[in-house]
Amino acid sequence: MTEVLGEIDIQRYRRDGYIVPKTKLPTKTMTQLRSALEETIGSNPGIRPEQLVSVHIDRRNDEGVHGHSAWLELAKDPRILDLVEQLIGPDIVLWGCQVFCKPATDGMEVPMHQDGHYWPIQPLATCTAWVAIDESTVENGCLRVVPGSHTGQHSFRHTRSDRENLVLNRQVDDPAANLDSAVDIKLEPGEFSLHDVYMIHGSNRNTSGKRRAGVAIRYMPATSHFNRTLYATTTGAGYLVNFASRPLWLLRGTDRAGNDFQVGHQS
Ligand SMILES: O=C(O)CCC(=O)C(=O)O
């Protein structure tokens, strides 16, 4: 059954930049996703499991990753979409999906950052659903967010970091960003958070004995344009992404920005 967000939840998303809804995906779904994760990791031996880009594309994609159909199915799950719709409206485009799986003991850090610095979306808008596949705790490097940092759609200064063992090589480096106020989002498997594209977030290394896997699903309102000529391909985040041939799915409603839903889909 659809979870209807109360006015308080919607106001909280607008105020803090994220919410954790009550909905929890069932155990059966999570068991299937865990086995899809094993298969995805197994078919991408040369790639760090924190950097499995576009895993929802069920073939070897143009970003060098072999995807799996389970991720696209998850992205279409009405239990998630119904909530996203209440936050970004009825016209929804799926444009990205990345598994961030931090293995036990040597899971990489995701430095604090804002999404979107290399995303070709005009105007920039996305709601990310971050679904916990494993239990996500402080010990194993759960997602951390800076509440309110999305306010005013401000882009904070980022610099490149050459530190080793980072999932992304750019991080917020701006005295105006209040990184000390970051909070942990602890989730059980099947729970998920929803966050705004401008919110600062990241996660610590996983040195614990427990894996921490999650999948970030990117939805934009179909009032935004996915401009394939802007950053057509980029390694700006530290690994290759190919926006020129990234397929888009109109999951709900009507496209209102002239997006191309043919590119990247095999006939
Ligand atoms: O999974 C993580 O720790 C980071 C996720 C992230 O950076 C994102 O969803 O954009």
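When a ligand or atom number is given, it counts from 1 through the structure's own listing order. These numbers were taken from a predicted model, which means no experiment stands behind them.
- Atoms of ligand 1 found under 4.0 Å from any heavy atom of Asp115 (numbered from 1 in listed order, with element): 10 (O).
- Near Ala216, the atoms of ligand 1 lying under 4.0 angstrom from a non-hydrogen atom of the residue are 9 (O).
- Using cut-offs of 30° and 60° on the angle between ring planes, the pair His56 and Trp249 is tilted.
- Listed by number with element, the atoms of ligand 1 under 4.0 Å from a non-hydrogen atom of Leu143 are 2 (C), 4 (C), 5 (C).
- Counting protein heavy atoms only, atom 7 (O) of ligand 1 is closest to His113 CE1, 3.1 Å.
- Close contacts between ligand 1 and His195 involve ligand atoms 9 (O) [criterion: under 4.0 Å to a heavy atom].
- For the pair Thr128 and ligand 1, the shortest N or O to N or O distance does not fall below 3.5 Å.
- For Phe156 and His158, the ring centers are positioned 6.0 Å apart or more.
- Using a 4.0 angstrom heavy-atom cutoff, Glu50 does not count as in contact with ligand 1.
- For the 3.5 Å distance criterion, the side chains of Asn61 and Ser54 fail to qualify, holding no donor opposite an acceptor.
- Taking a cutoff of 4.0 Å between a charged side-chain nitrogen and a carboxylate oxygen, Asp173 and Arg157 qualify as a salt bridge.
- A side-chain N or O of Thr126 and one of Trp95 form a donor-acceptor pair less than 3.5 Å apart.
- The pair Arg211-Glu38 meets the salt-bridge criterion, with a side-chain N (NZ, NE, NH1 or NH2) lying under 4.0 Å from an Asp/Glu carboxylate O.
- Minimum heavy-atom separation, Ile200 to Ala177: CD1-CB, 3.7 Å.
- Nearest non-hydrogen protein atom to atom 10 (O) of ligand 1 is His201 NE2, 2.9 Å.
- Annotation for Lys210: atom NZ does not count as buried by contact number, only 12 or fewer foreign heavy atoms lying within 6.0 Å.
- Residue, atom and distance of the protein heavy atom nearest to atom 3 (O) of ligand 1 are Ser203 OG, 2.5 Å.
- Looking at Arg218 and Thr128, their side chains do bring a donor and an acceptor atom within 3.5 Å of each other.
- For Lys102, no nitrogen or oxygen atom sits less than 3.5 Å from a nitrogen or oxygen atom of ligand 1, counting backbone and side chain alike.
- Looking at atom 9 (O) of ligand 1, its nearest protein heavy atom turns out to be Arg218 NH1, 3.2 Å.
- Counting heavy atoms closer than 4.0 Å to ligand 1, residue Arg212 contributes side-chain atoms (C-beta onward) but none from N, CA, C or O.
- Residue contact annotation: Gln98 has no non-hydrogen atom under 4.0 Å from ligand 1.
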